[in-house]
Each structure stands twice: as structure tokens, then as C-alpha cells.
Amino acid sequence: LQLLAGHVLGLFPVSTAAVAVVTLNPNGTADRTADIETALATAKNNNDYVLLNAGTYYHSGVLNINGAELRGVGDGTILHATNPLNAAVRLTGSGPKLKSIKVRTNYTGSIVANSGDRSQADLSCLVYVKDATNFLVDNVTAQTGRGAGIMVNNSGGTSSSSKAYIQNCRVRDTLADGIHMTNGSKYIVVQSNNVTNTADDMIAVVSYKFQSDGTTPKDPVACRDIGINNNNLSANLWGRGVAVNGGHHISVTNNTVTNAYHSGLILVSEGVPYPAWPTTNITVNDNTFSGCNVSDNSGQNGVTIKGRSGYTVSAINLTESDVVNAKRRGIFVGTYTSGITFSDCLVNGATGAGLEVQGANNVEFKGAGTSTYTSLIKNTGGYGVYTDGSCTGYIRIRNTRFEQINKTSGNNQFDVIHITDRVASGLTVTITGNHYTNPASATVHHYIECLEENFTAISPVNTTTVVIDSVPEDFE
């Protein structure tokens with residue numbers, strides 16, 4: 001037993017009294033499962049923590065951290081699971097902590113999408129947080145596993161002022177999600193992590209309402225009050241960058257998502273095989289989604305928002321975020337969505353439309369003011385904005401600058417703004433205060449076109465710049 005005076009490193013305030021540390025050293029290839037768990041039990045009973053010095057510690061079974069703390073000295077301390085299907089470092093109880101350590105398995109297969117080696121078993125995750133309150137996973141490298149990198153199940157903080165944290169971690173080479181939160185997990189901050197080369201979503205919040213039969217209940221409540229902040233996510237092999245599939249009061253702030261295989265951001269309530277809870281009250285601010293939908297999948301985009309019958313995706317606010325070089329649409333808003341607002345956003349270089357809206361209710365894309373045009377849609381391969389004939393409520397396009405629309409397609413039948421219809425659906429359309437610039441290299445059919453008998457399209461004129469401060473009264 002070693003006594004250290006001072007502060008315990010971490011998020012939480014501690015006293016300056018002496019702190020007792022149970023220290024272990026590596027021992028070749030010996031199975032250390034029992035040794036580590038015994039040390040954790042001793043440390044917990046004495047309000048201490050376990051320190052693993054540099055080296056590799058092999059374990060054949062799950063390591064349980066029940067209200068205790070396990071630390072290493074960084075990536076030089078390695079927990080190596082010899083059974084990839086029973087590999088988890090499991091955090092449970094009140095206040096468990098895992099810090100400054102690397103966890104991995106002896107899996108030697110290829111890290112590829114949809115691998116037959118992928119495991120759905122909870123204990124195949126590298127870090128598994130189950131029924132834990134106020135947990136901390138800090139400065140952990142989770143690498144090479146048949147399940148998820150870090151999975152959180154029915155765990156989190158106890159209030160908005162007492163949260164759980166996953167921070168400063170590195171997750172890569174997993175056959176499932178990088179960081180996955182489910183089953184009513186709440187009051188969690190996921191911040192300053194790096195996730196890459198996962199074979200499914202890089203960060204996911206998932207709340208399954210039903211089992212795969214569509215009727216048997218699964219998660220009793222949805223995930224909520226989760227912050228996903230300042231993370232760097234890149235180049236997964238399948239799945240999305242940030243995914244919220246059932247959950248509420250979730251913020252996605254200042255993240256960089258690069259080359260996601262499917263959508264960089266997806267806000268959905270998916271159906272079978274596991275029908276999800278609704279997704280609502282989501283705030284997305286100051287993010288960059290770059291080069292996403294690498295797969296060029298027709299159902300994916302830079303940003304994708306869609307619900308399903310009875311499970312609406314609603315109250316979504318996306319501000320000051322950039323969607324750059326997306327395959328297909330930059331942003332897609334689909335059916336069973338309501339109250340979707342984009343403010344001061346950039347959509348640049350989408351191979352399809354900049355913004356496409358199908359069957360949605362109440363969608364607005366706006367800039368901060370007419371003199372700044374802080375919302376910008378440019379360099380699209382199709383329409384600037386496209387809406388179909390099944391939208392309801394309102395569509396508002398305000399104070400936005402459009403540049404080089406339809407630059408890459410060579411099809412001059414695309415419009416800058418195209419409203420398919422507004423009579424049959426009772427749609428109210430407001431297009432005002434926008435600025436349109438299309439050089440000779442980008443040819444459009446109309447600046448604004450509404451396929452309605454009483455509306456006259458505003459067509460391009462023989463100048464490179466047209467400013468439209470108002471539109472016919474019929475169209476307001």
C-alpha cells in the first residue's frame with residue numbers, strides 16, 4: 001500500500017488529505033483478473049484507488065469497477081482481454097472511474113463493416129457502463145474489439161449539476177459503434193474524444209422503444225440531457241458520424257465530423273428492426289460536417305433528419321454549422337418532422353441539392369440579417385433549395401445568400417429555389433431578403449419557381465447578380 005499526499009487528478013474536487021493508493025505491477029502473461037478485482041475491492045473499502053503501473057495486464061474475464069477507481073499512467077498501461085467476447089471493463093455502482101489507461105482485446109480479424117465477427121453482446125464492449133451513476137471515463141484508449149468501444153446502458157449523472165463524463169478518450173478499430181449510449185442514459189457529457197475507423201456510428205444516442213417484434217417494450221424511457229461536445233470523428237467504415245435515434249434535450253456542439261461513411265449527422269426515429277422513441281429538442285451548434293456520405297447512399301446526406309409515423313422528429317435547431325462537400329444533399333429533412341430551424345449555416349459543395357425538404361412541417365432556413373447573409377448555400381450539384389408537394393405548415397427561406405447553384409450537374413433545369421406545390425398541402429411559403437449570385441459557369445432554370453398556377457417564376461436575367469428583396473404578394 002502506497003500513500004500519496006495531495007489531489008486526486010480528475011474532474012471532481014477532492015481534499016488535500018493523504019490519498020491511499022493500491023498499486024499493481026505487470027506480471028508477464030499471467031491472468032490478472034482476480035488480482036485487479038481484489039485490489040479494486042480493497043481500494044473501494046478504504047476509499048482509495050487502484051494504480052496500474054506501466055505494462056500489460058492480461059485478463060480472461062470481465063473486470064468489474066463497482067463504485068471504485070482504476071487508473072493507469074496513460075497508454076503505457078494496457079488492459080489486454082484474452083477473450084474478445086468477455087472483454088469488458090465494466091463500470092457500475094456510484095461514482096466508478098476509469099482513467100489514463102488503454103483497453104484492447106486479442107482479436108486479430110479484420111476491422112470491416114458488417115463483419116460476421118461483430119458481437120452484439122454487452123460484455124464484448126471494451127468499456128461497458130451499466131447501472132452506474134456519476135461515472136467518469138477519462139483519457140482512455142479503447143482499441144480493437146468485436147463490440148462497441150464505450151457503451152453506456154441505463155447510466156449517467158443524477159442531475160444537471162451532477163453529471164457523468166466520457167472525455168479525452170480515443171476510440172478506434174471496433175466492429176460496432178465507437179461511443180454508444182442507450183436505455184434511458186442521461187446527464188452525460190461526451191467531450192474532447194477522438195473516434196475513427198469504427199464499423200458503425202462514431203457517437204450514437206439510441207433509445208429503443210420496442211424489441212424487434214415491434215410490440216414488446218424495450219427501453220422504458222428515452223435517453224436525455226446529453227451533451228456531445230468538441231469531439232473529432234473521422235473515417236468510419238459504415239454508419240453515421242453523430243446519430244440520435246430516439247432521445248430528447250441533447251446538444252451537439254463544436255464537433256468536427258470528417259468522411260463519415262453515411263450521414264455526418266442523423267436525427268431520426270427509426271423503425272424495424274428496433275423501433276425507437278421520438279427524437280425532440282435537439283440543439284446543434286458550431287459543428288463542421290465535411291465530406292460525409294462517402295458511400296454516396298441515396299438515403300444518406302451531409303445531415304439527415306427524418307421520423308416515422310407516430311414518432312416525429314421535432315424541435316430541432318441547427319445553428320452556425322458547416323456542411324461541406326457532402327455526397328447527395330447537403331441537408332435533407334424528410335417526413336414526420338416538425339419545427340426544424342437552420343440559422344446562420346453554410347452548405348457548400350453538395351453533389352445534389354443544398355437543402356431538400358420532403359413531407360416536413362414547419363421548416364425554416366435563415367440568416368441573421370439582410371445585410372450579412374450569414375446563411376449561405378453554394379456550389380451545389382442541383383437545386384439550392386428543393387421542396388416536394390407534401391410539405392405542410394410553412395417553408396421559410398430568409399436572408400440567405402445563394403452562390404453558384406447547379407454548378408456541377410450541367411442540367412439547366414435546376415432552380416435556385418424550387419417549391420413543387422403549396423395549394424394541395426396548405427403550405428405557406430415565405431421567400432424574402434435573399435441574395436442570388438450565379439456566374440456563367442453555373443446555369444439555372446429559375447431563381448425561384450413554384451409549380452402553382454397563380455405564381456410566375458422569377459427567371460435569371462442577363463446580369464451576374466440579382467437581388468430579390470420581395471416576391472409577388474401571392475407568394476408571401
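Here the structure is a predicted model, which means the values were calculated and not measured. Positions are given from 1, in the same order as the sequence printed here.
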If you define the side chain from C-beta out and look only at heavy atoms, does anything of D322 sit under 4.5 Å from N348?
no
Without swapping roles, check the side chain of S321 against the backbone of L318 for a donor-acceptor pair under 3.5 Å.
no
Output the distance between atom CE (M202) and atom OG1 (T174), rounded to the nearest 0.5 Å.
10.5 Å
Q167 and S192: side-chain donor and acceptor closer than 3.5 Å?
no
Would you give the length of the straight line joining atom NZ of K97 to atom CD of E69, rounded to the nearest 0.5 angstrom?
5.5 Å
Which heavy atom of T351 sits nearest a heavy atom of R328, and at what distance?
OG1-N, 2.7 Å
Please, which pairs that meet side-chain hydrogen bond (donor to acceptor under 3.5 Å, both in side chains) have at least one residue in residues 226-235, sequence neighbours excluded?
N193-N231, T196-S234, N230-N254, N231-N255
Could you check if a side-chain atom of S115 sits within less than 4.5 angstrom of a side-chain atom of L175, using non-hydrogen atoms only?
yes
Heavy-atom pair with the smallest gap, counting every atom of S338 and N361
OG-ND2, 2.9 Å
Would you say that S375 contacts F342 through its side chain, given a criterion of any heavy-atom pair below 4.5 Å between the two side chains?
no
Do I228 and T253 come within less than 4.5 Å of each other through their side chains, counting heavy atoms only?
no
N301 and N293: side-chain donor and acceptor closer than 3.5 Å?
no
Once you round to the nearest 0.5 Å, how far does CG of D286 lie from CG of D344?
11.0 Å
Tell me if a side-chain donor or acceptor on N106 pairs with a main-chain N or O of H80 at a distance below 3.5 Å.
no
List the steps and the verdict of salt bridge (Lys or Arg N to Asp or Glu O under 4.0 Å) for D75 and R170.
CA-CA 10 Å; D75 277 2; R170 298 151 300 279; 3.6 Å; yes
Of all the heavy-atom pairs spanning G145 and T105, show the shortest one and how long it is.
CA-OG1, 4.1 Å
Given side chains that start at C-beta, do those of L79 and L52 come closer than 4.5 Å, heavy atoms only?
yes
Whether the T312 and S314 side chains hold a donor-acceptor pair (N or O, under 3.5 Å, no angle test) is what I'd like checked.
no
Take F365 and T400 through the test side chain to side chain contact (heavy atoms under 4.5 Å, CB included) and record every step on the way to the result.
CA-CA 8 Å; F365 194 96; T400 296; 3.5 Å; yes
Crowded around K102 NZ? As in, over 12 foreign heavy atoms under 6.0 Å?
yes
The side-chain hydrogen bond (donor to acceptor under 3.5 Å, both in side chains) partners of S269 (sequence neighbours excluded) come to R308
Charged N to carboxylate O below 4.0 Å: is that the case for R240 and D201?
yes
Heavy atoms, side chains only, cut-off 4.5 Å: are I417 and I431 in contact?
yes
Please check if the side chain of S207 supplies one atom and the backbone of A222 the other of a donor-acceptor pair under 3.5 Å.
no
State whether the side chain of S124 and the backbone N or O of A121 hold a donor-acceptor pair below 3.5 Å, judged by distance alone.
yes
Under a 3.5 Å threshold, yes or no: a donor from one side chain and an acceptor from the other, between Y208 and D219?
no
Flag side-chain contact, heavy atom, 4.5 Å: F332 against Q358
yes
Are L126 and V89 close enough, and set up right, to give a side chain to side chain contact (heavy atoms under 4.5 Å, CB included), and what steps lead you there?
CA-CA 6 Å; L126 293 169; V89 179; over 6 Å; no
Check whether any side-chain N or O of N245 sits under 3.5 Å from a backbone N or O of E270 as a donor-acceptor pair, and report yes or no.
yes
Report yes or no: does D177 contribute a side-chain atom to a donor-acceptor pair with the main-chain N or O of I179 at less than 3.5 Å?
no
Taking side chain as C-beta onward, heavy atoms only, is I305 less than 4.5 Å from I316?
yes
Atom pair CG/CZ of N64 and R90 - distance to nearest 0.5 Å
4.0 Å
Taking every non-hydrogen atom, the tightest pair across C292 and V257
SG-O, 3.8 Å
Does V333 form a side chain to side chain contact (heavy atoms under 4.5 Å, CB included) with E356? I'd like the steps, not just the answer.
CA-CA 6 Å; V333 183; E356 183 168 326; over 6 Å; no
Y107: which residues meet the ring-ring contact (aromatic ring centres under 6.0 Å, His included) condition with it, sequence neighbours left out?
none
Residues Y165 and D138: side-chain donor-acceptor under 3.5 angstrom
no
Would you check if the side chain of D173 reaches a backbone N or O of Q143 as a donor-acceptor pair within less than 3.5 Å?
no
Do the side chain of S185 and the main chain of T182 share a donor and acceptor less than 3.5 angstrom apart?
yes
Taking atom CZ of F210 as the centre, does the number of heavy atoms from other residues, nucleotides or ligands within less than 6.0 Å exceed 12?
yes
Indicate whether the side chain of D117 and that of S119 have a donor and an acceptor atom separated by less than 3.5 Å.
no
Walk me through whether M181 and I188 qualify under side chain to side chain contact (heavy atoms under 4.5 Å, CB included).
CA-CA 9 Å; M181 292 157 282; I188 301 171; 4.2 Å; yes
Measure from the side-chain N and O atoms of N362 to the backbone N and O of Y394, and report whether any donor-acceptor pair falls under 3.5 Å.
yes
Please name the pair of heavy atoms, one in W238 and one in A113, separated by the smallest distance, quoted to 0.1 Å.
CB-CB, 3.5 Å
Check whether any side-chain N or O of N236 sits under 3.5 Å from a backbone N or O of Y261 as a donor-acceptor pair, and report yes or no.
yes
In terms of heavy-atom contacts, Y383 and I405 come closest through C-CG2, 3.9 Å
Angle class for the H418/Y386 ring planes (parallel below 30°, perpendicular above 60°, tilted otherwise)?
parallel
Could you walk me through whether R118 and D200 pass salt bridge (Lys or Arg N to Asp or Glu O under 4.0 Å), step by step?
CA-CA 10 Å; R118 174 172 173 167; D200 209 330; 2.8 Å; yes
